[in-house]
Amino acid sequence: MTEASITVTDARVSFGRVQVLKGVSLLVPAGTCFGIIGESGSGKTTLIRAILGLQRLQSGQILLSGKPLQPGRTGARLRAMTVQAILQDSTASLSPRRRIGQLLDEVSEVLAEPKDATRARAAALFDRLGIPAAVTDKYAHQISGGQARRVCVARALLMRPRVLIADEPTAGLDVSVQGDLLNLLQEIRVEHNLTLVVVSHNLAVIRQIADQAAVMCRGEVAEVGDAAQVFDAPQSDYARSLLAAWPRLHKPANL
Amino acid sequence: MSVDPGAGVILSDLRVRFATRAGSYASVRDVGLTIGSGRILGLVGESGSGKSTVALALLGLLAANATVETGSLQIGPDTYDLATPGAVTALRGRKIAMVFQDPFTALNPVFTIRAHLEEGLSRREPGLARAEKQARMVQALADVGLDQPTQRLAQYPHHLSGGMRQRVAIAMALLAKPDLLIADEPTTALDATVEAQVMQQICALRDRIGCSVLLITHSLGLVTGYCDDIAVMYAGEIMEHGPVARVAASPKHPYTKALLACEIGIDEPRNPDARTTRFRIIRGDLPDPLHLPTGCIFAPRCDFVIAACTLSPPPLIAQPDAPDHLVRCLRAGEVT
């Protein structure tokens, strides 16, 4: 299978008179972790929606593994097999009307895989991700937020994607458990040789997990490069001010 | 709880019980806080630790199924019994002001900024002349760093960004000139740069009116960055309470230590190969409030646990070398 990379060239999107993406260009190399940071309203989520094919571009181009996004149902199916996403509100991403098991059955429809085969893979993934098997018979509102997020990860991985996009994966999680989800992403990234795109307000987290990072500001990329460079020697004024505003944690050196 | 002679606000022995269908339980147990005048105390704790319940009890705004069993609040020379219904009603907007978490719902969408500010001001200083009122309100908005303060008065909350709305909430507090300002997760909904501005405004307000500030947060970064004192809460109890400089440099409770270890600093060493980075967690789950452990409530998750920890709840006691550094741990002396 070819490795998936993402190429975004001069992407533009407007909502009414407001330009929310003003010509964004990015290259996410296959197999790397790419972090996207920036403040609310900077266009992070719109960019992700465009990569997922959920937001039409006014102009510009997005290539997945070198191929442009295809319109229509066939295109959507191909895209779903290449790119999967874990969105911010995991509980809301799971239909409240169906049991978790039924939601996972949809994967077999899209992949045209026998239900039993999908279920067997799902059971193995649940085991791997530490989700109790009993969750299959529950509805989204009956499981905790942390579990819902894991179920979303499992559902995304069932599609055998090449690219996994995580929008604010640690939002709403306590600091004592956020590491659990991050470690999980780090492990599956290597196991499945995924290209990982992580969008987050949490600069400290992105700094630790990303190979490369882009700083977005008002619909533009203010700075992009190796994470070490962007975080520890930022060149743009905006990236510098964003990093300066991050609260400094003073903790004992031995921790 | 040791009493600091210069203390502005002292909360002691707060115990709040909730009645639920599954049974009743005390979600906050024997909580005491000491906040000196002109000082900011950061109350940290994870979801379900009871920190917001403490704030709501101080404001007398607890839900109908909650009862304050014990608790007293001392503000300067006055003491209020929190177990008496309505004991703090008269304090709200006068001696105690509040900045809420969500700037999008804390302000009333059908009232102008003027109406919001005027309400508090009229409550604090009834009978103020119109011109004087106007001048004070404009000054308050200017003090919290809003541009065009006079024009802002005529605007509605939806005209303002989240950070500006939090500034309005701080301006309202400024006009109330409280002895105690409670800020419950005031920056959670805001971006990092706006968070820094709002925290600077809260510090400025403290300096301007010399009040005590209770900052409720789950961010240790905010506490070590802006607070003078810290109280760490876990499952309804205070685990550690003391000056930030001391506690952050040398936490004496295993929970505080674990929490600090989980928090990721922006200037921590970075792995050149990011793929190999792994993060710290605290294993286990919060105890079921209906079935609390017999001994220390943190014992099931603690790395330092010994047999004695599971026998009876450890007391919150002062460190031998620091009367203002309190720790609820039998092995506090060995935690380094």
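Residue numbers start from 1 in every chain, and the chains themselves are labelled A, B, ... in the order their sequence lines are given, proteins ahead of strands. Reckoned from all heavy atoms, side chains included, excluding hydrogens, waters and symmetry mates.
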Could you have a look at [options] and say which one has the most heavy-atom pairs with chain A under 4.5 angstrom?
options	result
Ala258(B), Ala196(B), Ala248(B)	Ala248(B)
Pro272(B), Ala192(B), Ala245(B), Gly225(B)	Ala192(B)
Arg270(B), Glu195(B), Glu268(B)	Arg270(B)

Within residues 254-267 of chain B or reaching into it, pairs that qualify as side chain to side chain donor-acceptor pair (under 3.5 Å) - sequence neighbours excluded: Glu46(B)-Tyr255(B), Glu240(B)-Thr256(B)
Is there a donor in the side chain of [X] and an acceptor in the side chain of [Y], or the other way round, less than 3.5 Å apart?
X	Y	answer
Arg150(A)	Gln147(A)	no
Arg301(B)	Tyr234(B)	yes
Gln197(B)	Arg167(B)	yes

Who wins among Pro247(A), Ala244(A), Ser176(A) for the most heavy-atom pairs under 4.5 Å with chain B? Ser176(A)
Flag the one option from Lys251(A), His201(A), Gln178(A) with the top tally of heavy-atom pairs under 4.5 Å to chain B. Lys251(A)
Non-hydrogen atoms of chain B under 4.5 Å away: do they reach the side chain of Val175(A), the backbone, both or neither? both
Under 4.5 Å from any heavy atom of chain B - which part of Leu173(A): neither
Stepwise salt bridge (charged side-chain N to carboxylate O under 4.0 Å, His left out) check, Arg128(A) with Glu191(A): CA-CA 11 Å; Arg128(A) 169 69 189 79; Glu191(A) 279 168 34; 2.8 Å; yes
Using heavy-atom distances under 4.5 Å, tell me whether Ala249(B) contacts chain A through its side chain, its backbone, both, or neither. backbone
Can you name the closest pair of heavy atoms from Arg207(A) and Gly265(B) and give their distance? NH1-O, 4.2 Å
